[in-house]
Amino acid sequence: MKLAKTYEPNEYEPNIYALWEKSGAFKPSGRGELFSTVMPPPNANANLHIGHALDMGLKDISVRYKRMRGYDTIFIPGADHAGFETWVVYEKELNKQAKSRFDFTREQLYNQVWDFVDQQRGNMELQLRAIGVSADWEKLVFTLDSKVIKTVYATFKKLWDEGLVYRGERIVNYSTKFQTSYADIEVDQKQEKGTLWHIGYSLVEGPVNGVKEIIIATTRPETLFGDTAVAVSPEDDRYKDLIGKKVHIPLTDREVEIIADEYVDAAFGTGAVKITPAHDPNDFEVGKRHNLERLQVIDFDGTMINVPKEFIGLDVDTARQATLKALKDKGLIRKEETIEHTVGYDYKSGLPIQPLIKDQWFLKIKPLAKRALEALENNEISFYPASRQHILRQYLQNIRDWNLSRQIPWGIPIPAFQNVDDDTDWIFDESVSEETIEVAGKTYRRDEDTFDTWFSSGQWPFITTEALDGGDLSRFYPTNLMETGTDLLDRWIARMIMLGLYVTDQVPFKDVYLHGMVLDEYSQKMSKSKGNVINPMDSIATYGSDALRLGLVAGRSPGQNQAFGLDRIIAGRNFCNKLWNIARFIENKLGDEYEPDVPVAHSLADHWIISELQTAKDIIEHSLDTYRYAEASDAMYHVIWDSVADWYIEASKDQRNDALLAWVIDISLKLAHPFAPFVTETIWQTLSWHDTLLISETWPEIIEYSDISAAEFGRVQQLVTEARFVTSALPGNEKYSLLYGDDSLIADNNQLIKRLAKLDKVIGTVQPHGLRLAVSGRDAWLDVSAKTLADHQVNLEERLAATHADIQALEGRLAHPNYMEKAPEKLVAETKQLLDEKKAVVIRLQQELELLKI
RNA sequence: GGGCGCUUAGCUCAGUUGGCUAGAGCAUCUCGUUUACACCGAGAGGGUCGGGGGUUCGAAUCCCUCAGCGCCCACCA
């Protein structure tokens with residue numbers, strides 16, 4: 001088959017993917033050791049971004065590699081309903097239609113979003129195919145599939161029965177924009193400068209010891225309407241006599257008591273704190289200890305309620321300004337100071353998070369975290385990079401109860417019902433499509449909330465492998481590899497470990513690989529607003545899927561954010577074309593009907609290329625076994641480009657070994673397949689001697705070769721390199737001849753050397769003359785004229801000086817008695833040999849210079 | 001307040017128990033269309049490995065210290 005001059009990925013990729021999929025190559029073989037990985041499900045409703053391309057690319061490299069190595073391999077794909085993320089998008093749509101979520105029932109909304117997502121879903125899956133993931137599509141799990149819900153309910157029931165979930169009225173992180181609560185980790189804590197206002201609260205019963213008021217310090221004056229106490233430290237002598245007295249809440253007619261509580265730090269601010277149990281987590285705790293009223297003054301929509309008339313309905317910001325103005329008018333602001341503090345923001349809208357009281361389901365997470373910590377302690381899970389394990393431990397050590405409830409309709413409904421006559425009576429029931437149910441003569445109303453998405457995704461590994469049902473895939477649990485972004489370490493990895501151990505008694509995966517973010521070429525975060533986003537589908541359309549994968553993998557280490565630009569994709573594209581042309585050359589030589597013989601090494605180059613491939617294969621295996629993708633890719637790239645193309649193909653133009661050429665292209669394609677699946681498979685399909693799929697081939701075995709012959713070729717290379725170097729430094733573009741004396745290596749490889757070094761002739765002679773090549777062990781001379789030689793003198797002198805310097809350094813090293821004693825024998829021997837070679841070079845250079853002087 | 005990471009060629013980055021002359025891609029310069037490939041070939045230039053100190057026969061690598069950059073976690077108003 002005649003191949004086009006350049007590789008055009010778009011002409012082949014879709015067909016190749018269809019070929020793989022149709023062949024069943026993505027399915028587990030059912031034989032051999034197990035290897036499994038589960039896809040972090042991409043949002044079914046969104047397009048893939050460059051981070052997915054990296055994430056999926058890395059995983060697919062491991063999967064293809066393991067598959068070729070004979071593992072019973074599965075890559076389970078998924079699609080995420082992405083509860084909150086998708087809801088935000090859908091709510092925008094609703095707003096466009098001038099509608100609100102409150103116009104519909106939960107079921108109506110759920111069905112509407114389902115249809116909305118359904119339109120997009122196929123799209124995401126097509127994009128994953130374009131990226132080349134070799135996933136078993138028949139096993140795809142959508143996060144709202146019935147088996148997911150079934151498992152999630154079973155887990156919730158288990159937690160419920162074991163007393164690990166509880167209904168609690170607690171302060172939650174609340175997004176007033178999206179009207180739902182968040183988990184702690186969904187709140188962006190930002191450190192910023194803020195104002196601490198000191199406000200005078202006057203004592204109701206008049207001055208005590210001449211003091212008329214207590215001054216509190218706050219950064220959120222608008223919440224003073226919700227104050228139900230003022231607190232001081234019990235240790236604080238300044239306020240000792242004020243404890244138990246009452247103060248006026250400014251701008252209102254309410255009076256509250258001054259209380260003493262450990263929580264207050266006498267050294268901060270004024271040492272007196274307003275207590276607003278409904279709007280601050282600490283105050284909430286203080287309130288519980290002192291039985292304080294919880295007065296909600298900020299409503300769930302972010303506006304003021306239960307406040308004096310003029311403030312009602314104001315949003316928080318406006319209310320703050322209005323409150324400050326009113327306080328100033330009354331002369332109650334005692335001081336303003338600027339402080340550094342942290343403010344929680346809604347990670348989605350960028351608006352401040354309001355701590356509000358809400359009845360929610362909480363998970364007592366400490367016992368789960370404890371088991372996870374034990375598993376980490378026992379090194380049951382390996383982390384790449386290893387340092388992330390410490391971060392995870394820290395997180396698990398400080399973890400607080402997890403709020404499972406979300407007030408959005410797009411998600412898995414919480415299977416809990418509340419007695420209409422007794423709001424403390426909750427029961428577990430899965431009939432979530434019923435608004436009310438009758439149990440034992442009592443009426444129960446369902447909880448309208450849904451689960452936090454991470455509660456279900458936290459169970460992903462054992463859900464997707466059907467580990468609990470003992471299904472077909474259950475042999476793959478625990479999975480081998482979990483690969484995702486570093487940003488998901490706490491919100492996802494931690495939860496999978498905790499829930500996995502809790503439900504299955506096993507860690508959900510053995511290895512965790514975390515990759516950093518793909519940044520733009522100037523190391524900036526990619527974002528739509530900056531306009532620096534690289535769309536993976538555009539890159540694939542222009543340069544091909546392999547080019548993108550090669551570019552993304554190159555030079556990327558785990559856990560590290562890394563810049564990425566067009567350069568790298570182009571380098572990947574060029575490599576694919578290189579492979580293509582190697583194949584083109586070999587196929588031309590061998591012809592369309594070629595059936596290879598058993599490959600046997602004959603020439604020095606044959607032995608050498610086998611040894612090069614052996615070395616590369618070792619590096620690739622070792623690197624991939626330890627998830628060092630970039631190093632594996634680098635070794636693959638260089639053995640194919642530098643060794644196969646630049647040396648072996650060139651040498652084969654002189655000394656051809658057809659069987660070995662066929663073998664070399666086979667091995668090259670196999671080694672490259674995980675990194676560039678499409679082009680390698682495309683080429684494989686054009687080779688006359690294959691009627692199989694490369695994806696299903698076995699990882700290569702290297703054939704026999706002689707180290708001695710391979711090293712001999714290395715000496716030929718040395719000579720060729722020296723000849724090229726010297727001729728390129730000589731003036732003009734003349735072709736020179738090589739004269740050699742008593743040198744069998746040159747005599748035996750006469751034509752090869754002539755070709756590789758682009759020499760005019762290579763001639764044996766009794767008395768060689770001209771410019772002697774400074775290669776240790778060779779008796780070789782370039783036949784240059786006396787004049788050229790004279791021009792070259794400076795060059796010779798420079799090299800002589802450099803070589804002398806090298807010799808000095810080497811001698812210095814060898815002269816040190818401790819070096820001889822302590823350094824490994826092999827190293828010492830190598831150093832000695834290097835020294836000898838340098839000395840030989842010096843002699844040759846000196847001879848040259850002597851000749852010039854005559 | 002804790003923790004983590006980074007600083008190596010013009011740019012973006014590799015460099016795994018310390019060990020040949022510190023590498024790659026891109027960029028730069030010179031030469032070259034030779035039986036695949038100009039998405040190419042041959043060659044070259046370019047680095048006090050952030051500063052300082054220490055351990056060692058030997059340090060980009062280990063230790064200390066200083067400086068700069070970035071990230072994560074934490075309920076101090």
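Residue numbering restarts at 1 for every chain, and letters A, B, ... go by the order of the sequence lines. Because the structure is predicted, anything quoted here is derived from the model rather than measured.
- Judged by distance alone, with hydrogens and angles left aside, A:R755 brings no side-chain donor or acceptor close enough to the base of B:rU34 to form a pair under 3.5 Å.
- The nearest heavy atom of RNA chain B to A:F585 and to A:D646 marks one nucleotide each, and the one closer to the 5' end goes with A:F585.
- As rounded to the nearest Å, B:rG53 and B:rC40 have P atoms that lie 46 Å from one another.
- Among B:rG41, B:rC26, B:rU16, the nucleotide with an atom closest to any side-chain atom of A:K578 is B:rG41.
- Not one side-chain nitrogen or oxygen of A:W641 sits closer than 4.0 Å to the OP1 or OP2 atom of B:rC37.
- Taking the P atom of each, B:rG23 and B:rG46 are spaced 14 Å apart, rounded to whole Å.
- For A:Q394 against B:rA74, no side-chain N or O and base N or O form a donor-acceptor pair under 3.5 Å.
- With B:rC76, B:rG5, B:rA24 as the candidates, the nucleotide lying closest to the side chain of A:D634 is B:rA24.
- Under the 6.0 Å distance and 45° angle rule, A:R724 counts as a cation-pi partner of A:W647.
- Of the C1' atoms belonging to B:rC71 and B:rG10, the separation is 27 Å, rounded to the nearest Å.
- Judged by atom type and distance alone, A:K5 does not reach the base of B:rC37 through any side-chain donor-acceptor pair under 3.5 Å.
- Side-chain atoms of A:K653 stay outside donor-acceptor range of the base of B:rU34, with no qualifying N/O pair under 3.5 Å.
- Out of B:rG15, B:rA36, B:rG43, the shortest distance to the side chain of A:R584 is found at B:rA36.
- Taking atom C1' on both B:rU16 and B:rA60, the two are 14 Å apart, rounded to the nearest angstrom.
- If you check B:rU12, B:rA42, B:rA77 against the side chain of A:V273, the one that comes closest is B:rA77.
- Each of B:rA36, B:rA14, B:rA77 was ranked by its minimum atom distance to the side chain of A:Q562; first place goes to B:rA14.
- Toward the 5' end of RNA chain B, the nearer of the two residues A:R388 and A:I570, judged by each one's closest nucleotide, is A:R388.
- To the nearest whole angstrom, the two P atoms, one in B:rC69 and one in B:rC31, are 45 Å apart.
- Comparing B:rC39, B:rA77, B:rG5 against the side chain of A:T218 picks out B:rA77 as the nearest.
- Of the candidates B:rA74, B:rC76, B:rU16, B:rA74 carries the atom nearest the A:Q189 side chain, counting heavy atoms from C-beta on.
- The partner of B:rU17, taking Watson-Crick or G-U wobble pairs whose two distances both stay under 3.5 Å, does not exist in any strand shown.
- Counting only distance, with no hydrogens or angles, the side chain of A:R220 and the backbone of A:H279 share a donor-acceptor pair below 3.5 Å.
- One donor-acceptor pair, N or O on each side, does fall under 3.5 Å between the base of B:rC39 and the side chain of A:R573.
- Side-chain atoms of A:K758 lie closest to B:rG41 of the nucleotides B:rC76, B:rG41, B:rA44.
- Rounded to whole Å, the separation between the P atoms of B:rG51 and B:rU7 comes to 13 Å.
- Separation of the C1' atoms belonging to B:rC49 and B:rU8 is 4 Å when rounded to the nearest angstrom.
- In this structure, the ring of A:Y182 has its center less than 6.0 angstrom from the ring center of A:Y347.
- Contact annotation: A:N574 reaches the phosphate of B:rC40 (side-chain N/O to OP1 or OP2, under 4.0 Å).
- Ring-centre distance between A:Y637 and A:F575: below the 6.0 Å cut-off.
- With a 4.5 Å cut-off on side-chain heavy atoms, A:E222 and A:V316 count as touching.
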